[in-house]
Each structure stands twice: as C-alpha cells, then as structure tokens.
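A short write-up of the structure that comes next.
Just so it is clear, the values below take in all heavy atoms, side chains as well, and ignore hydrogens, waters and symmetry mates. Within every chain, numbering begins at 1; the chains are lettered A, B, ... in the order of the sequence lines, protein sequences first and strands thereafter. Given the structure is predicted, the values throughout are model-derived calculations rather than measurements.
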Protein chains: 2
Amino acid sequence: MAEGRVTVIDIARAAGVSKSTVSLVLQGSSSVKEETRNRINAAIRDLGYVYNRGAATLRQTGSRSKIIGVIVNDLTNSFFAELAVGIDMVVQSAGYVQFLSSCAENPDRQQELIGSMREHGISGLIICPARGTQASDFKALESSGIPVVVAVRNLPGTKASTLMSANAVGTRAATQHLLSLGHRRIAFLGGFSDMAVFDERTGGYRDALREAGIQVDDELVINAPSSRAGGVEAIGRALAVAERPTAAVCLNDAVAFGVCDGLRARRLEPGADFAVVGFDDVIEAKTAVPALTTVSVDPQGMGRRAATLLLKQINSNSSEGEAVTTAVRLVVRESSGKAINVRQEMA
Amino acid sequence: MAEGRVTVIDIARAAGVSKSTVSLVLQGSSSVKEETRNRINAAIRDLGYVYNRGAATLRQTGSRSKIIGVIVNDLTNSFFAELAVGIDMVVQSAGYVQFLSSCAENPDRQQELIGSMREHGISGLIICPARGTQASDFKALESSGIPVVVAVRNLPGTKASTLMSANAVGTRAATQHLLSLGHRRIAFLGGFSDMAVFDERTGGYRDALREAGIQVDDELVINAPSSRAGGVEAIGRALAVAERPTAAVCLNDAVAFGVCDGLRARRLEPGADFAVVGFDDVIEAKTAVPALTTVSVDPQGMGRRAATLLLKQINSNSSEGEAVTTAVRLVVRESSGKAINVRQEMA
DNA sequence: CTGTTAGCGCTTTCAT
DNA sequence: ATGAAAGCGCTAACAG
C-alpha cells in the first residue's frame, strides 16, 4: 500500500477520460455527462483517490487555502474552548477547517503562530490577542489582505472587526435584577481598576443604580482579586461596612463562588439571606451553584458570530474590518437554573 | 497592496541569484555563502515574502504537509481541551501545526473530518473516537500509511497505538488512601455498568479492598447518573444503608461534587464527617472544592504523550502502531490543594 | 557554491 | 461535452 499516490491522472486513465474532465467532476460542475460522471466517481472510489487540496490551492487564484486560523490565549479556559467550538461550527459548515492554537498569553508565540498560519495560506484569522499585543502586530497580515476578527479583548487602534462581551450591559441587567427584588444597598465585589473589564462592569452597575435614583456609595465597591479566594475576602469586607449591603454583583463567577463560600462560613444562605449575582464568563450553567444567580455571556454564540463576520469579509473580499464592538447574549438565571430573563443584544 | 504574490523568483531577482539558491537558504542549508545568504534574507524581509508551504509540500516527497490532525468528541469538556493543549505543546515545538476539531460525539461528522484532514495532507492523526466508532473506520487512513494514535477511549480491534487513563490504578490509589485513613466501610458511588470506565474504576476499588483483606459489599456499590445530581442521589442512598459507609470513592468529579452537596444538605461536612474522593478527569485543581480529595489524571500530560508517540511514528516512518494501553499521571490531592501522593505510571 | 531543468497534482483557458 | 497544454510556487537532481 501507500504506493505512488493516486492522482487525477490515474482516475482519468481508469475512466477513459482526460484529467480536465475529472477535475470538473471534482468541482461538481454540471457540464459533464451523467454517465461520464458516474464512471469517474466509480473510479475515484475504486482507486481510493483522495483529493489533494494543496495542489488545488496552489493552482487556484490567490493561493489561499480553505482554512481559518484561530488563536486564543488559553484553551484551558472554558470560555475560550467554548468560543472555539462556536467558531468551529460555522467554519466547518462553510467547508473550511480550523487551525486552532493557544498562544498561552505570550505575544512572541502569537507572532510565530500567525507566521506559521500565513505560510499555510489561511483565508482569515480570528484572534483573542495576548496581553501586550500591539495593533501594529497585525499590520503585515492585514496588508496582505487577510481578514482578521479580534474577539474578546479589544485592541486599540486596530482596523480589524472587533467582538466583545457585553460587560456593561450585563452588570446593568444584574443590578436591575437585584433592584427589582427590592434591594437598595447593593455592593460590587472583586476586581481592580487596572483590569479592562473592571471599568466596564462597574460602569453598568453604576448606571443601573443611577437610573434607579440611587446614589452610588464607593464604600460598596470593593476591590479584591478576581478569584474564589478574592470573593471570600470581599464579602468579609462588605459585611463589615457600617450600613451593610443586602446584595452584591460580582466581577465574575469565581468571585461569586467565593462570596457564597464566605456567606456559608458565616451561616448565611446565599440567595435567601444575601443575594448574589455573578458575571459568568467562564463556567456557564454546567457548574451552576445552587442559590446563585448569574448573568452570562454565551461564548459559543460569540464564536459563531465571530466566524460569521469573518466569512462575510472573506467572501465579500473586502478586507476593511471597522466592525463595531458587539454584545452577544445575556441570561439572568435564577438559583434553580431556570432562566428568568433572556435578552439578545447585538449591534 | 496584495499585488501579485511575492515568490522565490522575485526575491531571487532582487538578490541577483537563482531560485534554487533562495530555496536552499529557505531550508537553512549551510552550503550557501554567508554573504549571499544575507543578501537573500534582506530581500526576503524587504519584499515581505511569505513561504508557501503548500507549494513546498506538493513538490516534496509524499506530499504530506506538516500538520497533525486532532479530533476530540467535545472540546467543551475541559478534559479534552487540556488534552489538546498538551498535544499542541509538543506538536508546535516539533514545527507542526494542529488541525483541531470536535466531532461532537457524531461518527458521521468524525468521518467527514478525517476526510477533510486527509485532503489537507495531515502527517498524522490523534483521535478520541466518538461512541459507535468501528476500528474499520480508520482502515483507509491506516492503509494510506498515516500514523494514528487513539486516545482516551479504546477502540477494540484497532492496530493504532492507544493511550488511556489509568482508571483502575486511580481508583485503587483512591481506595488505598481512604483505607490508610482508617476507613473500612467505603462506598463506590455513581455510574452504570454499561459505561466502559465503570468496570475499570470499580475494578481498582475492588482490588484495593481485596488486597486489604476486606470483603467487597455490593450494597455499597451504588449506581447513579454520573452527574452532580447523580451524586446527590447516590449519597442519599448510601447513607440509608444499614451499616453505613464512612467514606466513598466517586466515579468522577461531577458525582463527587454532588455527594458534597448532598452531605452538606444533611449537615455533614465533607472530609470531616464523611470522606469523599473524586476521580477528577474533568475539572482538575482549578475548581478545587474545599474538603474534597481527588485522584486525577493529567490530561495535558496525556496529550503530550500522545503527540510524542505520534511524532515518533511519523519520523520512524513505521506505521505499525501496536502501542500499549498506558497510564499517565495520578495525583491524590488533599482538600487544601496540596498533593500528598504523586505517582507516574507509564508503560 | 550556484544556475538549469523538470516536475509535484491540480485547474484553467482554448480548441475541438 | 471533452481534450491538450500551460503553469501555480516550490524543490531536487544535476551540471557547471
């Protein structure tokens, strides 16, 4: 086996036609007589022919292969894994394949990956840039006319389409939810102002309070690491505030879990004694914690949207990105797991 | 820009040499005069040349591209995501790129993916077969001489190298751990005997008990769905057994979490009042639950090993797999997160 | 050490 | 509707 590879010429010979006719069949041209086509397809099957995309791409215009590059910072993070799955769905159904790699938050590695992908002739790239990425890092790619979509993290100064989580919309919805339950002293727990998301998420929180005519009390915005441990710490500090809050919006799900831990340690039941809403960008419903309401971004949906955007650019051949920052999908979910408030936000 | 693509011939012209000399430089041949090489490299930079791997592969022997296909059932499952990351590490450092896709447990989709990957000329494939996959599904691939490594799930009758979790070794270690803590009534919670892993995992549990001279009490092997809810159910039934167990080994981490939920609902503290060990094949240390000891398989390590195995086969050009079922890495971790017992099992 | 000459497997005019 | 011929960008013998 594995003798001299079977090529179009072999199957042409076997079917008693010429290469070009075979090529037409391969491309599904309708201008081949049915009977000839059948004969050719039979030969293809019999000889175990496999199409050589490399050769086809080489000959074809532009030499751009039907592959889409995807670079994420950390595939180990479920958010990105889900994102990749979403991308894969649409990429696959459009007949492309996905080059997926994680750059592990390393800009150098990221550049290597981009280089390697270029050499393989990707038709487009979806990337969640590593921290420290400059817009200029994509200049070479862009000037060679390969469409790029930036996802999750924004990249100031880029001309590429950008797709981000609806941070402000999410915390605003979360806060409104707590207000509707009658809470008035609502804390914001976790994060530090040097994180990009922090400003956006506290922004939505502040907006909702302001809209409800409630003065934002900075004592209730409590900085802490965005981890489970940080959540434990934050709820401790929150409960020590003179005029105690009765509810909290958390920076993310990890913090929210920690807050629940901290509450239980104090014999308080999350949900009943103190309402907690987590911004769920990692774990999603899967590991739903009882008595924890979450606002969630749907990473798969985001992936699907990113891929759709990219394909549109590839097909329209217009490499001008300029697309807007875009919200994706928000779910406010009750402790039971039931979604009580679903909205679609798309720009 | 993006005018007629820059090719070797352009840079040859610019550097005043011939194509072949450029090609030699591209391949890092040492038989080009330093000065010429520099001139060529300068031209490469100036003209923004990008190497066309497709063309190179086409010309080169075998027409096999430097890409490795990876197919998992569900990228959304952290275990597989971690596996993919492990694979990527070694694949990248060997100068290959990874075609990663999820077949979503669908055999048809899986076949499509394999076909697509073949067309792209993958040098090898690492696959976690979808349920219902037949060994014969890989026959075409194998007979074309492309090395295949099967991971995570075993595929009866395949000639390909296979790599699996150390299921029995893991539960055996878990059970031994509980025995060493003085427990004598140890339950096994979760799973049904129609799952492949169930037999292996209960096997290790039974072995450990037997080795300790303890009669296995089938009343303590409790079937339940392998989910969080299943864990809640299982612990309820376990505590209702006449001669109550004092500890449990769980089929997996999801069940273990549910068991902890169930214990807390009964005002029992996991760890202190009832010892729980989870077989942690999904969530790993990241979402460590306080007071839960876990036995874990390191998916990244497994990925690295799978990739190493595959590359060895690719390089040795021997497509005969035949490799053994292999354990990977086990960690028994205390509730604090500290690893108290680490072993390497490699065959 | 460098240039010449042939293709790799496919698509694509252009004839027929 | 089908065939002949040219060539995508690169590498691999050989010559020089």
Side-chain angles (χ1 to χ4, degrees), chain A residues 2-41 43-44 47-66 116 118-123 144, chain B residues 2-41 43-44 47-66 116 118-123 144:
Chain A
E3 293 293 344
R5 198 153 222 69
V6 186
T7 79
V8 273
I9 199 161
D10 294 317
I11 86 116
R13 205 147 24 212
V17 294
S18 85
K19 305 193 315 175
S20 4
T21 310
V22 177
S23 181
L24 286 178
V25 172
L26 254 25
Q27 289 167 98
S29 162
S30 54
S31 58
V32 176
K33 223 195 313 182
E34 169 116 15
E35 189 249 310
T36 319
R37 197 209 327 278
N38 291 148
R39 202 145 32 90
I40 291 177
N41 279 324
I44 286 180
L47 303 190
Y49 169 75
V50 326
Y51 184 68
N52 183 332
R53 247 163 227 288
T57 300
L58 180 58
R59 184 62 236 273
Q60 252 157 201
T61 165
S63 175
R64 215 97 102 198
S65 186
K66 290 210 112 189
S116 169
R118 283 236 286 169
E119 294 183 353
H120 280 281
I122 54 169
S123 310
S144 70
Chain B
E3 295 292 347
R5 196 152 225 69
V6 186
T7 80
V8 274
I9 199 160
D10 293 317
I11 84 118
R13 205 147 27 214
V17 294
S18 86
K19 303 191 319 173
S20 5
T21 311
V22 176
S23 182
L24 286 177
V25 171
L26 252 26
Q27 290 167 94
S29 162
S30 54
S31 60
V32 175
K33 223 197 310 183
E34 168 113 17
E35 190 247 311
T36 319
R37 196 204 334 274
N38 290 149
R39 202 144 32 90
I40 291 176
N41 279 323
I44 286 179
L47 302 191
Y49 168 75
V50 325
Y51 185 67
N52 183 332
R53 246 163 227 288
T57 299
L58 180 57
R59 185 60 236 269
Q60 251 156 201
T61 165
S63 178
R64 216 98 101 198
S65 185
K66 291 211 113 190
S116 169
R118 283 235 286 168
E119 294 183 352
H120 280 280
I122 53 168
S123 310
S144 72

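Note on B/Thr21: every side-chain N or O is 4.0 Å or more away from OP1 and OP2 of C/dT2. Not one side-chain nitrogen or oxygen of A/Thr7 sits closer than 4.0 Å to the OP1 or OP2 atom of C/dG9. OP1 or OP2 of D/dG3 lies within a sub-4.0 Å distance of a side-chain N or O belonging to A/Ser18. At the phosphate of D/dT2, OP1 or OP2 sits under 4.0 Å from a side-chain N or O atom of A/Thr36.
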Provide a list of protein-nucleic acid N or O atom pairs under 3.5 angstrom, restricted to nucleotides 5-7 of chain D.
from, atom 1, to, atom 2, distance (Å)
D/dG7, N2, A/Arg59, NE, 3.3
D/dG7, N2, A/Arg59, NH1, 3.3

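Rounded to a whole Å, the CD atom of A/Glu119 is 16 Å from the P atom of D/dG9. Distance, B/Arg64 CZ to C/dG9 P: 13 Å, rounded to whole Å. Atom pair B/Glu34:CD and C/dT2:C1' shows a separation of 17 Å (rounding to whole Å applied). Between A/Ile9 atom CD1 and C/dG7 atom C1' the separation is 12 Å, expressed in whole Å. Taking atom CG of B/Asp10 as the reference point, atom P of D/dG9 lies 9 Å away to the nearest angstrom. C/dC10 atom C1' lies 9 Å from atom CD of A/Gln27, rounded to whole Å. The interatomic distance linking A/Arg13 (CZ) with D/dG3 (C1') rounds to 15 Å, in whole Å. In this structure, B/Asn52 atom CG and D/dC8 atom P are separated by 12 Å, rounded to whole Å.
The minimum heavy-atom distance linking A/Ser65 with B/His120 is given by the pair OG-CE1, 3.9 Å. Here the shortest heavy-atom pairing between A/Ala12 and A/Lys19 reads CB-N, 3.8 Å. Here the shortest heavy-atom pairing between B/Val25 and B/Asn41 reads CG1-OD1, 3.8 Å. Considering every non-hydrogen atom in both A/Ala15 and A/Ala43, the closest pair reads CB-CB, 4.4 Å. Scanning both residues, B/Ser144 and B/Arg118, for their nearest heavy atoms gives OG-NH1, 3.1 Å.
Among D/dT11, C/dT12, C/dC10, the nucleotide with an atom closest to any side-chain atom of B/Gln60 is D/dT11. Listed nucleotides C/dT11, D/dT11, D/dT2 differ in distance to A/Leu26; the shortest reach to its side chain belongs to C/dT11.
Both A/Leu24 and B/Gly16 lie near DNA chain C, and the one whose nearest nucleotide falls closer to the 5' end is B/Gly16. Residue A/Val17 is the one, among B/Val50 and A/Val17, whose nearest nucleotide of DNA chain D lies closer to the 5' end (criterion: closest heavy atom).
A heavy-atom distance below 4.5 Å is not found between the side chains of B/Val22 and B/Tyr49. Side-chain contact between B/Asn52 and A/Leu58: present, with at least one pair of heavy atoms (C-beta onward) separated by less than 4.5 Å.
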**Prompt:** Using Watson-Crick and G-U wobble pairs with both distances under 3.5 Å, what is the 5'-to-3' dot-bracket string of DNA chain C, with [ ] for crossing pairs and | for pairs outside the strand?
**Reply:** ||||.|||||||||||
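Taken to the nearest 0.5 Å, the CZ atom of A/Arg13 stands 7.5 Å off from the OG1 atom of A/Thr7. A distance of 11.5 Å separates CG in B/Asp10 from CD1 in B/Ile44, rounded to the nearest 0.5 Å.
Under the side chain to side chain donor-acceptor pair (under 3.5 Å) criterion, A/Arg37 pairs with no residue, sequence neighbours left out.
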